[in-house]
Amino acid sequence: MSRITGSDGRFEPQCPDYAARVATSFARQSFMATIGAELGRVEPGFCEIRLPWRADLCQQHGYIHAGVTTTLADNACGYAAYSLMPEDSSVLTVEFKTNLMAPGAGEMLIARGMVEKPGRSLTVTRAEVVGVVDGREKTVALMQATMMCMAGRPDSAAPAG
């Protein structure tokens with residue numbers, strides 16, 4: 001289980017190359033590439049994902065579709081949790097709850113996932129998705145999610161079929 005160290009409340013990752021592991025896993029997610037999402041900052045227990053606005057990701061009113069917004073938050077939560085997991089593990093979402101606070105508008109959406117409580121099997125996380133307009137951020141969605149550590153199952157591509 002990950003440990004919180006020091007009075008600053010920071011998490012200590014179990015794998016020294018956690019950021020590279022997150023980046024490698026993110027690069028294998030073809031859906032993230034399809035929507036044009038980019039991995040941002042990764043720290044122990046934290047992950048940021050950015051998505052430039054694209055018309056083909058919008059719903060009928062011109063806002064980024066809620067499904068895309070939720071996908072960003074889910075991935076940010078998952079990779080925040082994954083950053084604290086053992087080297088021989090992978091991560092899967094168990095459940096999440098999303099509150100859509102405002103339309104997905106702006107030049108870019110940014111999802112920031114963070115670990116609230118790490119655990120050996122289950123990790124509780126949260127994410128905020130913001131829309132950026134003229135350099136100012138507005139909250140678009142909030143998520144609380146539970147992630148499962150799949151111990152002994154390294155993060156690799158699943159067989160096709």
Side-chain angles (χ1 to χ4, degrees), residues 2 4 8-85 89-119 122-149 155:
S2 300
I4 299 176
D8 62 0
R10 293 181 183 245
F11 293 107
E12 179 183 313
Q14 296 184 57
C15 179
D17 63 346
Y18 68 91
R21 286 178 62 224
V22 167
T24 299
S25 179
F26 185 87
R28 281 198 314 276
Q29 283 205 25
S30 57
F31 187 63
M32 291 288 97
T34 298
I35 66 172
E38 303 161 354
L39 185 63
R41 192 168 47 118
V42 176
E43 296 175 4
F46 178 88
C47 178
E48 180 180 271
I49 299 173
R50 297 171 169 263
L51 178 73
W53 186 89
R54 285 184 19 200
D56 62 330
L57 299 177
C58 291
Q59 44 84 293
Q60 71 275 17
H61 300 292
Y63 302 119
I64 298 291
H65 194 281
V68 173
T69 301
T70 301
T71 295
L72 294 174
D74 175 41
N75 271 274
C77 284
Y79 283 123
Y82 186 56
S83 72
L84 300 179
M85 293 180 182
S89 66
S90 56
V91 63
L92 280 179
T93 303
V94 174
E95 66 177 347
F96 59 72
K97 160 80 166 94
T98 305
N99 291 99
L100 300 167
M101 312 292 285
E107 300 103 36
M108 172 180 295
L109 293 185
I110 303 172
R112 295 183 181 108
M114 53 225 81
V115 169
E116 289 295 319
K117 184 177 185 313
L122 298 176
T123 296
V124 176
T125 62
R126 66 182 167 92
E128 179 181 24
V129 180
V130 298
V132 180
V133 179
D134 296 327
R136 294 187 7 221
E137 296 184 0
K138 180 177 182 178
T139 302
V140 170
L142 298 173
M143 175 180 280
Q144 179 168 318
T146 304
M147 301 294 159
M148 179 175 66
C149 175
D155 186 70

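If you read the sequence from its start, that first residue is 1, and numbering goes on from there. Nothing here was measured: the structure is a model prediction, and the numbers come from that model.
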How about [X] and [Y]: do any of their side-chain heavy atoms sit closer than 4.5 Å?
X	Y	result
Q144	V124	yes
M85	Q14	no
F26	I49	yes
S89	R21	yes
L51	L57	yes
F96	C77	no
P103	H61	no
D155	T24	no

Review point. Under the criterion side-chain contact (heavy atoms from CB on, under 4.5 Å), which of K97, E128, R126 is the partner of L142?
Key: E128
**Study point:** Reported OG1-to-CG distance for the pair T139 and L100, which is rounded to 0.5 angstrom
**Key:**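 One gets 12.0 Å once the value is rounded to the nearest 0.5 Å.
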Revision key, fill the gap. Rounded to the nearest 0.5 angstrom, the OG1-CG distance for T69 and D74 is 12.5 Å
Looking at [X] and [Y], would you say the former's side chain and the latter's main chain have a donor-acceptor pair under 3.5 Å?
X	Y	answer
R112	F46	no
T123	M147	no
H65	G67	yes

Exercise for review: Return the orientation label for the Y79 and Y82 ring planes: parallel under 30°, perpendicular over 60°, tilted otherwise.
Suggested key: perpendicular
Testing the basics here: between [X] and [Y], what is the closest heavy-atom pair and its distance to 0.1 Å?
X	Y	answer
L84	P13	CD2-CA, 4.1 Å
A81	T125	CB-CG2, 4.0 Å
C47	A80	CB-N, 3.7 Å
A141	T98	CB-CG2, 4.3 Å
S83	G45	OG-N, 2.8 Å
E137	I110	OE2-CD1, 4.2 Å

Exercise for review: I would like to know whether E107 and V133 meet side-chain contact (heavy atoms from CB on, under 4.5 Å); could you show each step before the answer?
Suggested key: CA-CA 6 Å; E107 300 103 36; V133 179; 4.2 Å; yes
**Study point:** L72/I35 under side-chain contact (heavy atoms from CB on, under 4.5 Å): CA gap, chis, key distance, verdict
**Key:** CA-CA 10 Å; L72 294 174; I35 66 172; 4.2 Å; yes
Review point. Is it true that atom OH of Y18 has more than 12 heavy atoms of other residues, nucleotides or ligands lying nearer than 6.0 Å?
Key: yes
Practice item. Give the intermediate values and the outcome of side-chain contact (heavy atoms from CB on, under 4.5 Å) for residues M32 and L39. Key: CA-CA 9 Å; M32 291 288 97; L39 185 63; over 6 Å; no
